[in-house]
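Notes for the one structure printed next.
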Amino acid sequence: MLPERVFELVAPVLIAGASVLLLIQPRLRARRAAKTAAMRPTTVATYGATAVYTGYFGAAGGILAFVALSRIIDRPFHDVNAAKNLLAAVSNGAAAVVFILLGPVHWVAVLPLAAGLFTGGLIGPAIARRIPAPVLRIVVGTCGLAVAGILAWNTYR
């Protein structure tokens, strides 16, 4: 219900921030290792806010969700990524229901988007499992910063 311009102004900043958080995530994890409780109300609330944000905006939502979940789940990169994908399916499904019930849906765009979603869902995990976690983190973070830079250039110039 917000104007499209709000998304255009906010997306580059959020994508860049999420990408930086992903790149420094090993340092964040090391800091957490010194603390005992990973599942605190603040970390759960952070993930909840990330899920709501992802359902609404989507820009860098996967990266933000990964960073938030890595504060909750003490597992290797690929395991956290799998959990993120499952939770994203649930939150995006809930968002889709809300949009269908409350907003205009451009049904002509649904079929190609769904085809891309399911194709990526089948191919992406197979590729991600074969790439070492540190390399995957750097590639995703760097690509996120590049996307943020392009969006910022197009939005703020």
Side-chain angles (χ1 to χ4, degrees), residues 1-106 109-110 113-114 116-118 120-121 124-125 128 133-134 136-152 154-156:
M1 296 181 183
L2 290 175
E4 288 180 31
R5 185 71 177 149
V6 172
F7 177 78
E8 291 173 8
L9 292 170
V10 173
V13 175
L14 293 172
I15 292 170
S19 299
V20 168
L21 285 173
L22 180 66
L23 291 168
I24 66 169
Q25 192 267 336
R27 291 185 198 146
L28 296 173
R29 180 176 266 222
R31 284 181 52 198
R32 188 193 76 213
K35 299 176 182 172
T36 54
M39 184 81 105
R40 291 186 294 271
T42 55
T43 55
V44 174
T46 299
Y47 181 76
T50 300
V52 170
Y53 160 81
T54 302
Y56 183 72
F57 273 123
I63 297 172
L64 285 171
F66 178 87
V67 172
L69 282 174
S70 69
R71 301 282 295 167
I72 298 169
I73 303 170
D74 188 21
R75 302 284 302 160
F77 182 95
H78 292 92
D79 293 354
V80 176
N81 193 45
K84 179 224 19 138
N85 289 341
L86 179 63
L87 290 169
V90 173
S91 64
N92 286 328
V97 170
V98 170
F99 286 133
I100 289 168
L101 295 175
L102 300 178
V105 176
H106 300 282
V110 170
L113 286 172
L117 167 87
F118 290 113
L136 188 58
R137 180 185 333 285
I138 291 169
V139 168
V140 172
T142 303
C143 288
L145 288 173
V147 168
I150 292 167
L151 290 175
N154 290 334
T155 301
Y156 306 127

With rounding to the nearest 0.5 Å, note down the distance linking [atom1] in [X] to [atom2] in [Y].
{"X": "Phe99", "Y": "His106", "atom1": "CZ", "atom2": "NE2", "value": "11.5 Å"}
{"X": "Phe7", "Y": "Thr155", "atom1": "CZ", "atom2": "OG1", "value": "9.5 Å"}
{"X": "Ile72", "Y": "Asp74", "atom1": "CD1", "atom2": "CG", "value": "12.0 Å"}
{"X": "Thr142", "Y": "Leu22", "atom1": "OG1", "atom2": "CG", "value": "9.0 Å"}

Contact summary for [X] and [Y], nearest pair of heavy atoms:
{"X": "Gly144", "Y": "Ile15", "result": "O-CG2, 3.2 Å"}
{"X": "Ala128", "Y": "Asn81", "result": "CB-ND2, 4.4 Å"}
{"X": "Pro125", "Y": "Gly121", "result": "CD-O, 3.1 Å"}
{"X": "Arg137", "Y": "Pro26", "result": "NE-CG, 3.4 Å"}
{"X": "Ile73", "Y": "Val80", "result": "O-CG2, 3.9 Å"}
{"X": "Thr46", "Y": "Ala68", "result": "CG2-CB, 4.1 Å"}

How would you list, by chain and number, every residue that makes a side-chain contact (heavy atoms from CB on, under 4.5 Å) with [X], sequence neighbours excluded?
{"X": "Ala45", "result": "none"}
{"X": "Ala152", "result": "Pro12, Tyr156"}
{"X": "Phe118", "result": "Ala114"}
{"X": "Leu145", "result": "Ala16, Ser19, Val20, Leu23"}

By side-chain hydrogen bond (donor to acceptor under 3.5 Å, both in side chains) - contacts of Asp79 (at least two apart): Arg75
Salt bridge (Lys or Arg N to Asp or Glu O under 4.0 Å): pairs with one or both residues in residues 42-53, sequence neighbours excluded: none
Name the atoms and distances for all side-chain donor-acceptor pairs under 3.5 Å in residues 57-65, with sequence neighbours left out.
none

